[in-house]
Amino acid sequence: MGFLQGKRALVTGIASQRSIATGIADAFHREGAELALTYQNEKLKSRVEDAAAGYGSKIVLPLDVASDEQIDACFAELGKHWSDGFDILVHCIAFAPREAIEGDFLDGINRERYHIAHDISAYSLAALGKAARPLMKGRNGSILTLSYLGAERALANYNTMGVAKASLEAIVRYMAMALGPEGTRVNAISAGPIRTLAASGVANFRKMLSQFEAVAPLRRVVTIEDVGNTAAFLCSDLAAGITGEITYVDAGYNIMG
Ligand code: 0WD
């Protein structure tokens, strides 16, 4: 029996088979969780429906986190399927305009790009947590998001997204404080660089990967399977004592000077 047997999980952010959300959904499925998936737009719908079919899931819902109406509709619909609630919410969503994630930080940032990056990549976690709260209350549930080292260090090109990830990590701590008394835990995984659609938007990503491999203690990059396995642990009762934490799944890269 898997260690997520009996858990119901909503996983956002599947955009391709390479998405970190795919690695997480795979691990959840393997460990016995029941899954619901969301897709950002019509272009991704059939891909996410195919993924859901592979997990034996019939719950596939539209969710663009830029829209309050879609957030409300998503959880209203989810509540019809899972009327007595659900246990796990995975937030695997980030976006910043390309100009804001390349070159000189100050050249690339402006009010609108700052706003978009923070709205989609950071605020959306709080928005989803707020909407999920009544359905997750009192179930020893778990919320998980994805961050990156650029939240705490100035990393070339990551720029405005680094500022948004710093906000995201602070939101993890404040949400953990708010939801802890209701039994819901909130954590983040800070993953090493993985080649996904979102990563291809970051300038010089390939160079970053080879530099990472040379420096990381494990001398390798991490995979979506690595992240998925840690996510499954953090969202399970095995991690019942962990909340408000940022867990590194980065082959040890962050410890190096
Ligand atoms: O190296 C990496 N790939 C790392 C990613 C290292 C550390 C952290 N992360 C984070 C990302 O910042 C993100 O928070 O992991 C999370 C998942 O990213 P991913 O798996 O690398 O990227 P991807 O497969 O592209 O999925 C991200 C998806 C979007 O994909 P695209 O590429 O189409 O923008 O986030 C979704 C979308 O499907 N997304 C949205 N979903 C709902 N509403 C929205 C939105 N407005 N915007 C983007």
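Excluded from the calculations below are hydrogen atoms, water molecules and symmetry mates; all remaining heavy atoms, backbone and side chain alike, are included. In this chain, numbering begins with 1 at the start of the sequence shown.
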Exercise for the section: Give the ring-plane orientation class for F212 versus Y253, where under 30° counts as parallel, over 60° as perpendicular and anything between as tilted. Expected result: parallel

| said: Do C92 and I24 have side chains that approach each other closer than 4.5 Å (heavy atoms only, starting at C-beta)? | reply: yes

Interatomic distance, OG@S167 vs OH@Y114, rounded to 0.5 Å, equals 6.5 Å

key: Heavy-atom side-chain proximity of Y123 to H118 below 4.5 angstrom   = no

OG of S142 to CE of M136, rounded to nearest 0.5 Å, is 6.5 Å

Does this structure show an ion pair linking R8 with D87, if we count only N-O contacts that are shorter than 4.0 Å? no

May I have the step-by-step check of side-chain hydrogen bond (donor to acceptor under 3.5 Å, both in side chains) for S67 and D64, ending in yes or no? CA-CA 6 Å; S67 156; D64 181 337; over 6 Å; no

- Query: Would you call Y39 and L63 a side-chain contact if the rule is heavy atoms closer than 4.5 Å?
  - Reply: no

### Query
With a 4.0 Å cut-off, would you call D72 and K130 a salt bridge?
no

key: No-hydrogen, no-angle side-chain donor-acceptor test under 3.5 Å, R113 and N159   = no

Report yes if the side chains of F75 and L61 come closer than 4.5 Å at any heavy-atom pair, otherwise no. no

Please determine whether a side-chain nitrogen of the Lys or Arg among K7 and E31 lies less than 4.0 Å from a carboxylate oxygen of the Asp or Glu.
no

In this structure, CD1 of I109 is separated from OG1 of T160 (nearest 0.5 Å) by 3.5 Å

Are V221 and I20 joined in one hydrophobic group, where the rule is that I, L, V, M, F, W and Y side chains link up if heavy atoms are under 4.5 Å apart?
no

_Worked verdict on E225 versus T223 for side-chain hydrogen bond (donor to acceptor under 3.5 Å, both in side chains)_ = CA-CA 5 Å; E225 289 77 21; T223 64; 3.3 Å; yes

- Task: Any chance you could lay out the side-chain hydrogen bond (donor to acceptor under 3.5 Å, both in side chains) test for Q17 and T22, step after step, and finish with the verdict?
- Result: CA-CA 6 Å; Q17 288 189 332; T22 300; over 6 Å; no

Exercise for review: Report whether I88 and L179 are members of the same hydrophobic cluster (ILVMFWY, side-chain heavy atoms less than 4.5 Å apart, transitive linking).
Suggested key: no

Between the CG atom in L89 and the CG atom in L128, the distance rounded to the nearest 0.5 Å is 6.0 Å

One should read off an interatomic distance between L144 CG and R185 CZ, to the nearest 0.5 angstrom, of 9.5 Å

